[in-house]
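Here the structure is laid out as structure tokens; the discussion comes afterwards.
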2 protein chains.
Amino acid sequence: MADTDPLAAERLQITPPHRELLDQVLDKWSLEVLNQLCERPSRFNELRHAIPTVSQKSLSATLRRLERNGIIVRHVLSSRPVAVEYRITTLGKTLRHPVDVLLDWAGRHLPAIEAARRSYDEAG
Amino acid sequence: MADTDPLAAERLQITPPHRELLDQVLDKWSLEVLNQLCERPSRFNELRHAIPTVSQKSLSATLRRLERNGIIVRHVLSSRPVAVEYRITTLGKTLRHPVDVLLDWAGRHLPAIEAARRSYDEAG
DNA sequence: CCGGATCCTTTATGATACTG
DNA sequence: CAGTATCATAAAGGATCCGG
């Protein structure tokens, strides 16, 4: 009866703080940034290049939000001219597993879901 | 070597279709609806009551989207006056695990993240 | 009871220009 | 290089009214 069972079959609970957290961390650009920073620390323009469709405004907003949540750190290198490096934190690394599970789910079921969409759209 | 390993330590890949799928299925109201329908089939107004903060417009949009993606089914009961019941599908049930993993992560790390936020906000 | 159509407000996002 | 500030626009969301 291990009440310490991870993921016991209890009903999920989504409190506003939980929801806010997911919003801050699972949005489009955050996942892309995480993906990149899981591979290696990167500089601002390096991230822009790695994520070609992000605007600089959205990227900087995303970075500041992830930094505030302790998911990444901003590291200012006192070189010349200034260089700034973003790195994933230990806390940030814990996000990888849930995100992987999610992407794994998406990959597995995307075909079935696309089929469902076609069927829905045809039926009108 | 098992190349069939689930979640091998390969880099995540987020294609536009994957991203769209997550957007359609992980948004605020979808998770609430899923949560409710995992417990029991429900009618429209039952869902409104269970999720007091959702507007009817957002709820109906959410339901139609989830239905289109094959996550839930809309079941019209030929009673009088019309009753409509929404149920989770087999495909929809597969979503539960990833969502649980996500919520488990959020629950575990929320304190650390709130601490990070306070520290960030104080530092200015 | 279920939900579409409309109007209106709020929020998110992009393009552009400028600074330490 | 690494951003911020500003402006313009689009998309999301709520409130309300109405019809099947």
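Just so we're on the same page: letters track the sequence lines, and every chain starts at 1.
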Please classify the nucleic acid contact of B:Arg48 as base, sugar-phosphate, or nothing, using heavy-atom distances under 4.0 Å.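 Here B:Arg48 touches no strand at all.
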Counting side-chain heavy atoms from CB outward, which of [options] is closest to [X]?
| X | options | answer |
| --- | --- | --- |
| B:Gln56 | C:dT6, D:dC17, C:dG14 | D:dC17 |
| B:Arg64 | D:dG13, C:dC2, C:dG4 | C:dG4 |
| B:Tyr86 | C:dC7, C:dG4, C:dG3 | C:dG3 |
| B:Trp29 | C:dG14, D:dG14, D:dA2 | D:dG14 |
| B:Ser60 | D:dA2, C:dG3, D:dG14 | C:dG3 |

Figure out the [atom1]/[atom2] separation between [X] and [N], and round it to whole Å.
| X | N | atom1 | atom2 | answer |
| --- | --- | --- | --- | --- |
| B:Asp23 | C:dA12 | CG | P | 14 Å |
| B:Leu63 | C:dC1 | CG | P | 16 Å |
| A:Ile51 | C:dG14 | CD1 | P | 12 Å |
| B:Leu77 | C:dG3 | CG | C1' | 16 Å |
| A:Asn45 | D:dT4 | CG | P | 13 Å |
| B:Phe44 | D:dG20 | CZ | P | 18 Å |
| A:His75 | D:dC1 | NE2 | C1' | 18 Å |
| A:Arg65 | D:dG3 | CZ | P | 15 Å |

For the NE2 atom of A:His49 and the OG atom of A:Ser42, what is their distance to the nearest 0.5 Å?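 Going from NE2 on A:His49 over to OG on A:Ser42, the span is 12.0 Å.
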[X] side chain near [N] phosphate (N/O to OP1/OP2, under 4.0 Å):
| X | N | answer |
| --- | --- | --- |
| A:Arg74 | D:dA2 | no |
| A:Arg43 | D:dA2 | yes |
| A:Ser58 | C:dA12 | no |

salt_bridge(B:Asp121, A:Arg68) N-O dist < 4.0 Å: yes
Verify same cluster id: A:Val73, A:Phe44 (apolar side-chain graph, 4.5 Å):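 Each belongs to a different hydrophobic cluster.
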Under a single-linkage definition using a 4.5 Å side-chain heavy-atom cutoff for Ile, Leu, Val, Met, Phe, Trp and Tyr, are A:Leu21 and B:Tyr120 assigned to the same hydrophobic cluster? no
What heavy-atom pair brings B:Ser30 and B:Thr62 nearest, and what distance separates the two atoms? OG-CG2, 3.5 Å
Which residue lies more 5' along DNA chain C, comparing A:Ser55 with A:Val82 via nearest heavy atoms: A:Ser55
Reading DNA chain D from 5' onward, which residue's closest nucleotide shows up sooner: A:Lys57 or A:Ala83? A:Ala83
